[in-house]
Structure formats: C-alpha cells, structure tokens
Engineer: 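Attaching a single structure in structure tokens format; questions to follow.
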Amino acid sequence: MYTALDMRRRRAAVRSALEGRKPHAVPGSARAFASANVALVKYWGKRDEALHLPRTGSLSVSLGGWGSEATLSLTRKAAEVWLAGEKLPPDAPFAARALAYLDLFRPASGENFVLRTRNTLPTAAGFASSASGFAAIAKALDALFGWDLPEKNLSVLARLGSGSAARSLRSGFVEWKCGRKADGSDSYAAGLPVRWEDFRVGAVVVKRTQKPLSSGEAMRRSVETSPFMAAWDATAKRDLRAAKEAIRNRELKTLGETAEGNSLAMHAVMLAARESVFYPTGETLSVLAKVRQLRAEGAAVYATMDAGPNVKLLFEARDEAAVRRAFPKAVVLVPFPAGRK
Ligand code: PMV
C-alpha cells in the first residue's frame, strides 16, 4: 500500500515523465503490445518502494511475440478491467493493481478507464505477466492520448506499474539502468545493440498456480532482513558487467554461467531472509540437476528462475534437440527471429 506521500511522489514522477503532456478526454480506444522479458541479471530489492527504484541495474532478454496486449478507452461510468475476455472484480489482485496505476493517468474531466488485457504467453510456459502487462498499458496510454513519448519516458512510466516492466518496451537484450536521482528520472531501460539469432529461451513449467508470496513482498523482506543483501548488491553489479560483455561477444558459456549464478544468488538472499522465502520446489531442483547433467554431457544449457518455481533455460540453436529430448514439454522461444529487425 502506498502512503499519501508515496502517492504525491508517484504523481510527480508521472508529471515529469510526461514533460508537459496531459491526459484528456478522447473518443475511441487504443491498443498496444509489449513482450515479456526474462532477467539474466535480476532486479532484486528496491531503494525506493514508492517509485520502484532498484538498488542495482539489471539485464533481460525480451521474448518477441510472447507478451501482453492492452486496449484502453475512457468511460463516464465505473472503471473496468478485463483479462482474456472476462471482467475481473475490482478487488482481484491484477485489477486492483491496474486500477491504482491507471488512476495516475485519469483526465482532469473525471473519466475512468476501461482496460482489456490479453496475454499471448502460453499459460503452459508459466511466465509472470506483470512486466509485459504494465509495459503494454503504458504504451496504450501513450497511443490513446496521442503523447508520442520517447521510449525512455515510457520505460519510466511502465516502471511505476511494475519494476521489471521498465525492461519490456523493446525487443532483444535490454538493460535497466539503476540511476541515482531521487525522483527516478534516470532509472529507465535501453536496448543493447546486439542480435543473437541462435539464442534460445526454454520454459520448463513446474507449477502453474499463483505464487504464494508476491515478488514485492519477498524483495522487501530480503532488503529488511537478509544478511546477504550487501553481498547481493556487489554480485549484481559484477554480474551485470560480465553479462553485457558476454552478450557483446556472443559467448553463451560466460553469459549462461553468469545468469545461472546470479539467479541462484538471488534465491540464496531470499532463503536467508527471516522469515525465509523459498520458491523452488523439489521438482525445480530435479530440473536444475538435469541441466547440470546436460552440461556434463556436453550441451551448453543454463538455468534461471524468477520469484517462482518455474525454470527458464538459456541455450543456443545447436543444443535445441538435446534440450527437447531432456524436457519434452518445454516451450522453446526465439527472441531474435531470423529476418526480423
Ligand atoms: O517487477 P517485479 O516487481 O514483479 O519484480 C520482478 C523480479 C524478478 O522477476 C524476480 C527479477 C527480474 O529482474 O525480473
């Protein structure tokens, strides 16, 4: 929950990102799409809860056509949130978060929003959709009001919905810069100019149900109680440098080792929090063991996990057959489809 002061700071951050543009009553609707992203160097821990400012920079790869679509229009009646063709009760967790976010953008004339969202992520892939969801909403706001904001400003706006959404505005590899300013105006994401057509992301689903504890709550608990938090900050900074260099050189081994180590370090931070947070299940650990086995057999396959029990695999096209043999149910995604920019 945000305090009154938090809300004032959030509104000020929106005003600053809009650089003089304003929401205003408009007819019709606007639709936008944003890709989901998988963090290779994680965002874990906020330095500012209200503005979703991270303690360190992070790095992800976007998943092309897998993501969320948002359609927005204005109404004189009550606000509505629809997900996959179903109207959500306003107190459903996603609806409540989306409505609180959209409230930052209501026209002064008092209209409410009707938001329709749809995920193109296969539910079977077990991705969280808050990053692509809030990035799509930010883009739909931009289109609805005809703002034509620079990508940097859209990244700031998406960040105010969900931190990791800052990285979902574009395709390919994306770095979210930590920034230093108190108002967050320098904490936004930008793309790395690298296409890696052979790069693959595999999704191995362990559990499809909602996670027991939100990433926000788990982060807060880590920051407040984990004895490993300081070590995490230093690790994340080092990993970010190593991962960027590996991406520049298209070195899967270095990138994979960095991403896998970074993800395990993040889970170690949570594991040591009081009370401990532990998302992996027994099945997650079996998947990780299988990944090690694949490596022992010569395939360059690495694993990363977010705030949940599902595993994402990182590999190149040449090891796709080995991955499919080991994980027949894995969904394999191609972040850089050949022939597309
Ligand atoms: O965007 P949030 O607040 O749900 O945080 C996401 C955190 C991780 O997914 C675990 C890591 C990341 O960098 O995406």
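Numbering of ligands and ligand atoms starts at 1, following listing order.
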Engineer: Is the distance between the ring centroids of Trp176 and Tyr43 less than 6.0 Å?
Structural biologist: yes

Engineer: Has ligand 1 got any nitrogen or oxygen that is less than 3.5 angstrom from a nitrogen or oxygen of Asn37?
Structural biologist: no

Engineer: Which ligand 1 atoms, with their elements, are less than 4.0 angstrom from a heavy-atom of Ser215?
Structural biologist: 2 (P), 3 (O), 4 (O), 5 (O)

Engineer: Go through it in stages, so that I can follow the logic: the residues are Phe145 and Phe105, the test is ring-ring contact (aromatic ring centres under 6.0 Å, His included), and I'd like the CA-CA distance, side-chain angles, deciding distance and then a yes or no.
Structural biologist: CA-CA 10 Å; Phe145 294 122; Phe105 301 96; 8.0 Å; no

Engineer: What residue among Ser130, Ser35, Ser132 forms side-chain hydrogen bond (donor to acceptor under 3.5 Å, both in side chains) with Ser68?
Structural biologist: Ser132

Engineer: What atoms of ligand 1 come closer than 4.0 angstrom to any heavy atom of Trp44?
Structural biologist: 10 (C)

Engineer: Below a 4.0 angstrom heavy-atom separation, can you tell me which part of Ala39, side chain or backbone, both or neither, approaches ligand 1?
Structural biologist: side chain

Engineer: Closer than 4.0 Å to some heavy atom of Ala307 - which atoms of ligand 1 meet that?
Structural biologist: 10 (C)

Engineer: If I apply the N/O under 3.5 Å rule, does Tyr43 come out as touching ligand 1?
Structural biologist: yes

Engineer: Using a 4.0 Å cutoff against the non-hydrogen atoms of Ser164, which atoms of ligand 1 qualify?
Structural biologist: 1 (O), 2 (P), 6 (C), 14 (O)

Engineer: One thing to verify: whether Asp233 and Arg55 come together as a salt bridge, which I'm taking to mean a side-chain N less than 4.0 angstrom from a carboxylate O.
Structural biologist: yes

Engineer: Counting heavy atoms only, which of Arg167, Lys42, Met266, His267 comes nearest to atom 14 (O) of ligand 1?
Structural biologist: Arg167

Engineer: Does anything in residues 284-324 form a ring pair (Phe, Tyr, Trp, His ring centres under 6.0 Å)? List the pairs, not counting sequence neighbours.
Structural biologist: none

Engineer: Could you tell me if any non-hydrogen atom of His52 lies under 4.0 Å from any atom of ligand 1?
Structural biologist: no

Engineer: Just checking, Arg106 and Phe113: is the charged tip under 6.0 Å from the six-membered ring centre and within 45° of the axis?
Structural biologist: no

Engineer: Examine ligand 1 and decide if any of its atoms is less than 4.0 Å from a heavy atom belonging to Ala131.
Structural biologist: no

Engineer: Please find the pair of heavy atoms, one from Phe33 and one from Trp66, that lie closest to each other, and give the distance.
Structural biologist: CZ-C, 4.0 Å

